[in-house]
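A short worksheet on the structure shown next.
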Number of protein chains: 2
Amino acid sequence: MATIEDVARRAGVSQSTVSYALSGKRPISAATRTRIEKAIAELGYRAHAGARALASARTDVIGLMAPLRTGVDVNVIMQFVAGVVTGAGRAGYDVLMLTQDEGSLARVTSSSMVDALVVMDVEDDDARLPALQALRQPSVLIGLPADPHGLSCVDLDFTQAGASAVRRLLAAGHRTVALIGSPREVVDRHTSYAERMTRGFVGACEAGGATHLVLPTPASAAGAVASVDTLLAQLPDVTGVVVHNEVALPHVISRFRERGRDVPGEVSVVAVCPENVATSLPVPVTSIDIPAEGIGQIAVDMLTALMRDPSMAEVRLVSPRLTERGSVRDLG
Amino acid sequence: MATIEDVARRAGVSQSTVSYALSGKRPISAATRTRIEKAIAELGYRAHAGARALASARTDVIGLMAPLRTGVDVNVIMQFVAGVVTGAGRAGYDVLMLTQDEGSLARVTSSSMVDALVVMDVEDDDARLPALQALRQPSVLIGLPADPHGLSCVDLDFTQAGASAVRRLLAAGHRTVALIGSPREVVDRHTSYAERMTRGFVGACEAGGATHLVLPTPASAAGAVASVDTLLAQLPDVTGVVVHNEVALPHVISRFRERGRDVPGEVSVVAVCPENVATSLPVPVTSIDIPAEGIGQIAVDMLTALMRDPSMAEVRLVSPRLTERGSVRDLG
DNA sequence: ATGAAAGCGCTAACAT
DNA sequence: ATGTTAGCGCTTTCAT
């Protein structure tokens, strides 16, 4: 591999001139610049990442802690990851994937492998928060812990999403509604989005005087079927459901039909899921989009802002947008 | 951040002694080792990754090129990624995520950001192969190109999987069968697994004298419905289908039922998909497992072997294993 | 506008 | 068993 010294020699300039030509931190005459570029092209030169990191104290790599456990909304996670990788690429960063375990955070930060961190799957009272706050490197959470003090966070405003879904049903005259939500484990861990979704749902139901039920639901066909059956047993008059569980969604709809309740004839459905999920079902479903890829990109934007100015911490909650697709029936 | 020099000073030894204590490349007396460990713990020392990479010419990072396009079997991809990350972690490596674009491969390798590469979503005549062969760093493909000469590859033996699925149906007396396969784009790109799957399917059909049809199918409910309808129109006598499209699978089954063909009463189904997909459907489906996570780990094992000895290139095709779950009816 | 040279924090000869 | 020291390939401060 060619080094910067090889380039300098070939271009007949000094190392530092090559370095400055590359970084643009110093004016370089057109003639010199041309010779340097030529030498770089001829040698196929690329700066050694380690040497650069050592000298400049930056790696141009950001760490991404994503929950890799299979089965749990992988689709959504993948879209977040895609957004982060895309946004990072655009901003000139590479992405180091980190597993959930406690150690990797300390390892990659204290060995200076990454300049910054994006953390997913945030819990209400997340064990990683103190560590993140103490870090030299800035971080952005995708999710919203109970106390986001001093941390940068971005997410869909799930509280509003839950409330908005309910209000849509209430406006159509529904008075008995249910939330088919995230799996029990996710809820029990007080995962931030599940917590907020439930709060928004329940709050709007209470405000609107609607009879309601929240059903944590496994991400499987069997789980979806069981939840629908439980729901029909406990709340036989149910006419509206909010589904925040993309794996269960198709099975929820078909189970209602198997049980003789047509969607949207007898039961109206509002889903909270990525758009491509809502549109690729046999029946298009009215939904509130989870703009996962966009949020991933915003996370990177916030990170680059933080690296420029560490005082820029902020919480950004993306407002939910409901798209009608005809799965809600007006009882008026 | 503490440096190795801080540790050395605190432990009253030289830098190199600390380095050797850390790497284990030299015998260190128990007493010295203890003092060094104490100093390291007290200072919270961690070697600077860049400095280490510069001096040792290795990064302990492997690059992972995964197709991040959403919608295409994300579940499966995620499982492969999880396997690679898990395997890498166990072997002491971190994972740098790379997008599909041509440039990133050259960039991370020639700037020495990674020691090795895992490449997914391999096409029959993949454009990246020449570049990979020319690389200083070893690489392992997940998939099998038409000419794997000199490259290390690992994948499920999809040819055998296709053949084996067909033979299961033939053995049960089925004579008219279809393959509900990967999306058209995937097939058109000559993606390695789709290509081999089709070959195995068609080969076994021809060998067994079965009437057959191959239907590339979009990864959506609508696509699944359309494929089933096309199939029933073109091959009304069909009694057995092989489904190699995990998104379509549930919709294929429900569409058959909507069209009055019970599964497995009238139509038998063999799926080729990860086990958790086959078991989480309303009806458990007889399937050939895609051991994605395991293959991801094997890829890393092969990579570490290659780094030890670059002549260890090999092709490993994992034999398919069919698990009965009752979705195939014996016509005997 | 350009060059010389001092590090950045490690590893691995080369000592003893 | 341990210490000394020469790089690894960059960035950046001084110089000019």
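Below, read A as the first sequence line, B as the second, and so on, with proteins coming before strands; counting in each chain starts at 1.
Here CZ of A:Arg52 is found 11.0 Å from OG1 of A:Thr59. Values are rounded to the nearest 0.5 Å.
Screening residues 19-28 of chain B for salt bridge (charged side-chain N to carboxylate O under 4.0 Å, His left out) gives no qualifying pairs among residues at least two apart or on separate chains. Within the structure, side chain to side chain donor-acceptor pair (under 3.5 Å) pairs that include any residue of residues 305-316 of chain B comprise B:Asp309-B:Ser311 (at least two apart or interchain).
Distance, B:Ile28 CD1 to D:dG3 C1': 11 Å, rounded to whole Å. Rounded to whole Å, atom P of D:dC8 lies 11 Å from atom CG of A:Asp6. The interatomic distance linking A:Arg9 (CZ) with D:dG9 (P) rounds to 11 Å, in whole Å. With rounding to whole Å, B:Arg35 atom CZ is found 13 Å from D:dG3 atom C1'.
For B:Arg189 and B:Glu185, the salt-bridge test fails: no basic side-chain N is under 4.0 Å from an acidic carboxylate O.
Using a 4.5 Å cut-off on side-chain heavy atoms (C-beta onward), B:Arg33 and B:Ile36 make no contact.
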Given protein heavy atoms under 4.0 Å, the one-letter contact record of nucleotides 10-16 of chain C, with B base, S sugar-phosphate only and - none, is simply BBBBB--
Show your working on salt bridge (charged side-chain N to carboxylate O under 4.0 Å, His left out) between B:Asp157 and B:Arg196 and close with a plain yes or no.
CA-CA 8 Å; B:Asp157 190 334; B:Arg196 287 175 286 141; 5.5 Å; no
